[in-house]
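Reading through the structure tokens given below for one structure.
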Amino acid sequence: MNTKHQFFTTPIYYVNAQPHLGHAYTSIAADVATRFKQMDGYETFFLTGTDEHGDKIVQAAEKQNTTPQKYADKISQLFQDLLPVIHVQNDRFIRTTDKSHIEIVKQLLSKIYESGDIYFSSYEGLYCFGCERFYQERELIDGKCPDHDVAPEVIKESNYFFKMSKYQEWLIDHIKTNPDFIRPEQYKTEILSFLKEPLEDLCISRPKTRLTWGITLPFDEAYVTYVWFDALVNYISALGYPDGELFKKFWPGTRHFVAKDIIKPHGIYWPIMLKAAGIDIYNGLNVHGFWNVKGSKMSKSIGNVTDPNQVIKEYGVDAFRYFLMREMVFGLDANFTEETIVSRINSDLANDLGNVFSRILSMNHRYFNGEVRGADSDIEKSKNLSLEADGKKAIEQFKEAMLLCKYHKGVGAIWQFISAMNKYIDVNEPWSLAKDEKNIPILGTVLYNLIEGLRLVSCLIYPIMPSTSARMQKTLGIHPKDKSFFSLDETMSWGQIKKGSIIEKPEILFPRIDVKALQVKEQVIKTKPFKPALKEEITIDDFAKIDLRTAIVLKAEKIEKSNKLLKLQVDLGAEQRQIIAGIAKDYAPEEIIGKQVIVVANLKEAKLMGEISQGMILAANQKKKLVISGLDKEIAPGNPVK
Ligand code: MSP
């Protein structure tokens with residue numbers, strides 16, 4: 001038989017931060033696709049890894065007082081350790097600091113350089129250090145980088161450029177003639193609309209005077225390679241391009257998984273790089289949306305960066321994988337909250353799947369001591385008792401959805417079948433059939449169809465919940481041969497549970513989660529102690545003794561011999577005052593002049609470093625950093641603040 005091959009990749013993740021929910025999602029989505037393709041008879045190769053060069057990593061390492069290599073080793077290991085936890089079966093984990101990868105990047109650069117598509121030129125442009133790239137003015141929002149919300153800096157340098165513009169028309173044509181190249185449709189439209197504007201050539205080098213942590217250009221020792229030109233090559237270096245067996249076997253069937261943040265490098269740079277190097281273009285790009293947590297973008301400052309290890313510890317890996325696949329419509333953004341995962345576990349997993357499993361097998365125990373009686377084909381036909389057609393329909397719908405990465409629909413097809421099984425139980429009332437001896441063959445037929453239905457469900461959930469699939473199959477007494485799953489063809493063939501076999505009493509697949517306990521837990525989290533501890537309670541009268549007034553800073557200067565204090569002259573409306581404020585570490589004098597502030601105006605005069613202080617300005621304190629409190633709108637100095 002001619003085996004079909006498919007290659008799946010995730011982005012290689014930056015090692016400047018620890019793995020979170022978003023990274024776990026892409027890896028799980030690609031793993032689900034891989035396992036599904038295996039069921040569909042494909043031989044697969046799954047690649048993931050870490051992206052370790054560039055400014056971002058240098059900065060992160062500096063913050064930790066370590067070297068980029070040591071830092072990369074540590075974080076890369078966290079990404080590697082996560083894979084078995086989320087049940088992702090990778091065939092290779094690549095690191096861009098791997099020697100073999102570095103060699104291939106150099107080879108590719110030389111090839112494109114020799115063909116004349118890389119040239120040297122001087123360039124002045126707007127550079128965002130966060131993105132490690134130059135920006136066009138029209139790409140900025142209010143003059144700022146859309147991702148980092150900071151104004152890029154003007155930089156002038158001589159660099160190497162890749163002639164992307166030369167391939168613009170070719171790329172547009174390639175995207176239009178290969179409808180499956182970028183999926184889902186909205187991202188294809190986004191790339192095509194971007195390509196309506198003239199494509200700039202890509203700056204693919206960074207001078208070593210600015211950055212050394214990268215791959216040295218093979219044709220100029222004074223430069224390192226731009227991190228994206230290095231990173232994208234991982235997809236072929238991992239397969240042993242150009243002559244490796246894996247490359248020959250798997251490259252023609254490549255599907256990359258990425259989120260919407262990196263469609264440009266994948267949808268534009270990468271195909272053009274391949275074209276320029278004379279390599280076949282990859283097969284397709286699957287683009288998904290972003291996970292927000294509790295309605296906001298994950299961010300350290302909000303404190304909502306979700307660690308997949310924690311969620312799995314709490315709810316289990318299969319519930320986590322199920323939730324991610326069921327909740328996100330591939331291509332759109334989704335929201336993660338503890339309430340929604342618990343509600344999915346309780347309704348879909350405990351109630352629907354868990355319940356139908358234990359309901360059917362418990363009845364088979366109650367009526368037949370666990371023995372599978374088998375279906376009587378005459379009864380089945382005459383009473384229209386076969387569930388085979390519903391099962392077949394579920395498999396077809398499942399397959400169609402999974403091929404298009406519509407995971408929520410794939411899951412939906414299985415759950416529709418579960419609901420059909422529940423309806424079948426309600427209509428056929430096994431408990432009524434059991435009351436009359438002459439109906440026992442009908443009861444046997446009904447239960448056989450239901451048990452076969454459970455077999456089918458256990459096979460179809462495999463890509464999403466491999467452990468639960470195995471647990472169900474162990475109970476049902478079926479075991480795939482030489483692999484850990486049943487193929488779609490095997491799943492399709494109705495009647496595989498052996499007549500006369502004994503099925504054990506079912507275990508509970510997913511225990512219900514006590515929502516009340518969850519609420520208590522949330523409250524406990526919310527009432528964690530203040531740091532520093534709250535001061536003794538005061539009355540409104542106590543507070544009224546403090547006279548707060550608006551003021552404007554007129555003058556500010558440093559106090560000699562103190563690195564903490566600034567001497568301020570402030571306008572309090574009725575009078576001008578001198579205030580000595582401990583803000584010199586966080587504010588330069590020129591930064592604070594003209595600022596509207598709030599002053600404790602009735603504070604007893606004091607002397608600090610020999611200078612009189614006639615009041616105090618209010619400031620918030622976070623991790624020893626001070627931020628002066630101001631007012632929302634401009635207001636004349638001297639007005640009371642309550
Ligand atoms: N190193 C580059 C990729 C190079 S690939 C040749 C990079 N790394 S990254 O660490 O920033 O990873 C970005 C990817 O992580 C996204 O494309 C997506 O796969 C995943 N996610 C990161 N945050 C995410 C969400 N909040 N939601 C969903 N996935 C997101 O870019």
Side-chain angles (χ1 to χ4, degrees), residues 8-33 47-57 60 72 75-76 78-79 82 86 88 93-98 101 104-105 108 130-133 147-148 182 187 214-215 225-239 254-271 273-274 282 285-300 302 304-308 311 323-325 327-336 405 407:
F8 289 105
T9 71
T10 75
I12 46 170
Y13 304 111
Y14 285 132
V15 289
N16 62 341
Q18 303 197 0
H20 60 55
L21 171 72
H23 307 120
Y25 175 78
T26 317
S27 298
I28 291 172
D31 180 71
V32 168
L47 173 70
T48 185
T50 42
D51 188 355
E52 307 187 1
H53 291 127
D55 274 330
K56 275 192 224 288
I57 316 304
I75 306 286
S76 177
L78 296 180
F79 278 96
L82 180 65
I86 57 180
V88 165
F93 190 96
I94 189 166
R95 301 180 57 186
T96 51
T97 47
D98 289 344
H101 169 76
I104 307 267
V105 170
L108 202 81
C131 300
E132 300 180 27
R133 76 169 180 94
D147 286 345
H148 294 91
I182 301 173
Y187 295 110
I215 301 177
T225 313
Y226 170 46
V227 69
W228 272 104
F229 207 100
D230 157 1
L232 288 160
V233 177
N234 93 88
Y235 299 133
I236 55 172
S237 70
L239 293 180
T254 301
R255 285 216 79 93
H256 298 307
F257 276 76
V258 296
K260 62 182 184 182
D261 55 336
I262 50 176
I263 52 169
K264 233 198 233 165
H266 283 84
I268 297 178
Y269 308 170
W270 184 222
M273 282 163 69
L274 291 165
Y282 66 82
L285 185 63
N286 297 334
V287 187
H288 64 79
F290 253 48
W291 278 97
N292 294 320
V293 173
K294 290 186 189 161
S296 311
K297 192 174 170 183
M298 268 186 274
S299 103
K300 266 195 190 161
I302 301 181
N304 63 348
V305 180
T306 302
D307 177 358
V311 184
F323 174 78
L324 294 183
M325 293 303 112
E327 198 70 12
M328 178 175 259
V329 176
F330 197 88
L332 303 180
D333 290 353
N335 191 27
F336 182 91
C405 296
Y407 301 119

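One is the number of the first residue; the rest follow in order along the sequence. When a ligand or atom number is given, it counts from 1 through the structure's own listing order.
- Heavy atoms of other residues, nucleotides or ligands lying less than 6.0 angstrom from CD of Glu327 number more than 12.
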List ligand 1's nitrogen or oxygen atoms that come under 3.5 Å of a protein nitrogen or oxygen, with the partner atom and distance.
residue  : atom   : partner : partner atom : Å
ligand 1 : 1 (N)  : Ile12   : O            : 2.8
ligand 1 : 1 (N)  : Asp51   : OD2          : 2.7
ligand 1 : 8 (N)  : Tyr14   : N            : 3.4
ligand 1 : 10 (O) : Tyr14   : N            : 3.0
ligand 1 : 17 (O) : Ala259  : N            : 3.1
ligand 1 : 17 (O) : Asp261  : OD1          : 2.8
ligand 1 : 19 (O) : Thr26   : OG1          : 2.6
ligand 1 : 26 (N) : Trp291  : O            : 3.1
ligand 1 : 27 (N) : Trp291  : N            : 2.9
ligand 1 : 29 (N) : Gly22   : O            : 3.3

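- The side chain to side chain donor-acceptor pair (under 3.5 Å) test with His266 is passed by exactly one of Trp228, Tyr187, Tyr235, Tyr282: Tyr235.
- A donor atom on one side chain and an acceptor atom on the other are found under 3.5 Å apart for Thr97 and Glu52.
- Put simply, the side chain of Tyr407 gets close to the backbone of Ala29: a donor and an acceptor are under 3.5 Å apart.
- Checked against the 6.0 Å centroid threshold, Phe229 and Tyr269 do not count as a close aromatic pair.
- A search for salt bridge (charged side-chain N to carboxylate O under 4.0 Å, His left out) contacts involving Lys260 returns Asp333, not counting sequence neighbours.
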